[in-house]
Trainee: 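I'd like to ask some things about the structure below.
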Amino acid sequence: MKRVTGIGGIFFNAQDPVALRAWYARHLGIDVQDWGGAALLWNEEARKPDGGMTVWSIGQAGNEHFAPGRANFMINYRVADLDALLQALRDEGCNVLDKTDDSEFGKFGWVIDPEGNKVELWEPPAGQ
């Protein structure tokens, strides 16, 4: 019997949900709908399904992976061009962390949203 087959949604609270939704729409291009969220489809009209994946993982409490974020979660968003996006976010005055990571798993960068959450941006390796 199949149990979990993917991530159905990511939910979190904010002190100012309207402002935070606007930040995600403006800076990360998330198409926030009137109901307060977005459906991120793998087979958008603009591209064919690419066999991408969503990772779900539980780590040990107390690690520094989410620092300097203040939350006990972090969301990873797949992006097409990490370097260009990080520069655009810097140009827009966002709190982009200087550290990036480039490995066989792809390229990673981070931005802190207005509520202090660390957001991971991931450009997958070629072919994924």
Trainee: Return the minimal non-hydrogen interatomic distance between Trp122 and Gly106, and the atom names on each side.
Mentor: NE1-CA, 4.0 Å
Trainee: Shortest non-hydrogen contact from Ala14 to Pro17?
Mentor: O-CD, 3.7 Å
Trainee: Is there a donor-acceptor pair under 3.5 Å between the side chain of Lys118 and the backbone N or O of Ala67?
Mentor: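 It does hold such a pair.
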Trainee: Please give me the minimum heavy-atom distance between Cys94 and Val111, naming the atom from each residue.
Mentor: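 Scanning both residues completely, I find the closest heavy atoms to be CB-CG2, 4.0 Å.
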Trainee: Could you walk me through whether Asp16 and Glu115 satisfy the side chain to side chain contact (heavy atoms under 4.5 Å, CB included) test, starting with their C-alpha distance in whole Å, then the side-chain angles of each, then the deciding distance to 0.1 Å, before giving a yes or no?
Mentor: CA-CA 8 Å; Asp16 186 344; Glu115 295 273 335; 4.2 Å; yes
Trainee: Could you tell me which non-hydrogen atom of Ser103 sits nearest to which non-hydrogen atom of Phe108, and how far apart they are?
Mentor: OG-CE1, 4.3 Å
Trainee: Which word best sums up how the rings of Tyr24 and Tyr77 line up, parallel for under 30°, tilted for 30 to 60°, or perpendicular for over 60°?
Mentor: tilted
Trainee: Rounded to the nearest 0.5 Å, what separation is found between the CD atom of Glu120 and the CE atom of Met74?
Mentor: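 Result: 4.0 Å between the selected atoms.
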Trainee: Of the options Leu97, Asn76, Val119, which is the one that meets Trp110 in a side-chain contact (heavy atoms from CB on, under 4.5 Å)?
Mentor: Leu97
Trainee: Roughly how far, to the nearest 0.5 Å, is CG of Leu82 from CG of Leu89?
Mentor: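 Nearest 0.5 Å value for the CG-CG distance: 9.5 Å.
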Trainee: Parallel, tilted or perpendicular for His27 and Trp23, by the 30°/60° rule?
Mentor: tilted
Trainee: Show your reasoning for whether side chain to side chain contact (heavy atoms under 4.5 Å, CB included) applies to Leu28 and Leu121.
Mentor: CA-CA 10 Å; Leu28 296 183; Leu121 305 170; 4.1 Å; yes
Trainee: Looking at every heavy atom in both Leu20 and Pro114, which two are closest together, and how far apart are they?
Mentor: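 So the two residues come closest at CD1-CD, 3.7 Å.
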Trainee: Give a yes or no on whether Asp98 atom CG has more than 12 heavy-atom contacts from other residues, nucleotides or ligands under 6.0 Å away.
Mentor: no
Trainee: Any luck finding a side-chain donor-acceptor pair between Gln87 and Asp83 under 3.5 Å?
Mentor: no
Trainee: Quick check: closest heavy atoms across Ala80 and Glu123, and the distance to 0.1 Å?
Mentor: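 Heavy atoms only, the tightest pair is O-CD, 3.5 Å.
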